[in-house]
Engineer: 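Before I ask anything, let me first share the structure, which is written out below as structure tokens.
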Amino acid sequence: MSRLPRAINSLLWSSQSSFKASALAPARTPAVQVNFSTRHTESTTEDHLSSYNTSRASNDDARFAAHLNSVFPSLEFPPELARRVLTHGSHKAAIHGHNGRLGFIGRRVLESYYLLFIHEAARGRANDDYDRLISRSLNTYFLGEHVAPRWSLGRVLLWVPTVPKETLRTARTQNPDSELDEALTASPGIAKSVGLYKVMGEAVQAIVGGVYHQFGGSAAHRLFHTRILPHLLLPGRSSGVPEEFHATALRLCERMGGPECELLHRLNNPEHAEDERVHVSAKRRVASAAGL
């Protein structure tokens, strides 16, 4: 046996032989008698608290689902998905899941559908700056300002403003009869400082991601063209969808059934089937132009 293994064995043997007398292994103490009745009471209390919290969470989930189902009547959101979509990462309830991941999916879905729309409406012009078009129309703040209020997200979204309570109190004082989101929106300076538009915009993205995940690309595509894109048409402003595409956007919205259409449709409807063929054809053209 070499010197190194012999030294290691010696150290291990000496530590094992002196373990009982070391500070790591103090002398055995007499057994402690446990009051099982007290433990039973504490366990029962914890069970009641756990049951209460579970019941409360279930009620909240149902409230979230009811709100989304009322905004999008043709869809039925599972309560757990609705809770995740409407919980921002800043809230303490985010430890049970928040909308960050669905928001990431929603941003990619929105960008894809918007680029498909622009490419089709522009007839494949090569001089369009797609990055700039996305930035002016689909940035998070813009969605929070122009789309989220249409869906009344401020009434149900769980989030925590990153400003002192005095600022929120000022907003409520100026608009005492309004909901928090309405009070903040009425004070543009405060709304921007608390990050209202950003948080609401992320919720819009998460809803799109949730629809895409739960109901499929067809429902998400219809959601984009009937519930989102029409609200991004702002004539006379440098932000939003360029005016040259407004007529095409409105025509597509009407062809899909208008802003109150069902997002889930039956495949045997010839009008809906035609819309789907147009969508697939546009995707193929974009892929062909990109050399894919």
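We number each residue from 1, following the sequence as shown.
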Engineer: Would a distance-only check, ignoring hydrogens and angles, find a side-chain to backbone donor-acceptor pair under 3.5 Å from His88 to His98?
Structural biologist: no

Engineer: Under 3.5 Å, side chain of Glu80 to main-chain N/O of Asp61, donor-acceptor pair present?
Structural biologist: no

Engineer: Please determine whether a side-chain nitrogen of the Lys or Arg among Glu202 and Lys198 lies less than 4.0 Å from a carboxylate oxygen of the Asp or Glu.
Structural biologist: yes

Engineer: Closer than 3.5 angstrom, by distance alone: can the side chain of Ser137 be matched with the main-chain N or O of Gly240 as a donor-acceptor pair?
Structural biologist: yes

Engineer: Check whether any side-chain N or O of Asn99 sits under 3.5 Å from a backbone N or O of Leu102 as a donor-acceptor pair, and report yes or no.
Structural biologist: no

Engineer: Look at the rings of Phe77 and Phe72 and say which category their plane angle falls in: under 30° parallel, 30 to 60° tilted, over 60° perpendicular.
Structural biologist: tilted

Engineer: Could you grab the distance from atom CZ of Phe117 to atom NE2 of His221, nearest 0.5 Å is fine?
Structural biologist: 10.0 Å

Engineer: Contact between Leu86 and Leu158 at the side-chain level, heavy atoms closer than 4.5 Å - yes or no?
Structural biologist: no

Engineer: Pick out which of Leu110, Leu138, Val109 makes a side-chain contact (heavy atoms from CB on, under 4.5 Å) with Gln205.
Structural biologist: Leu110

Engineer: When rounded to the nearest 0.5 angstrom, what distance separates CE in Met256 from CG in Leu263?
Structural biologist: 10.5 Å

Engineer: Within 45 degrees of the ring normal and closer than 6.0 Å to the centroid, is that where the cationic atom of Arg222 sits relative to Phe224?
Structural biologist: no

Engineer: Measure from the side-chain N and O atoms of Ser70 to the backbone N and O of His67, and report whether any donor-acceptor pair falls under 3.5 Å.
Structural biologist: yes

Engineer: Heavy atoms, side chains only, cut-off 4.5 Å: are Arg227 and Arg150 in contact?
Structural biologist: no

Engineer: Looking at Tyr113 and Gly217, what are the two nearest heavy atoms and their distance?
Structural biologist: OH-O, 2.9 Å

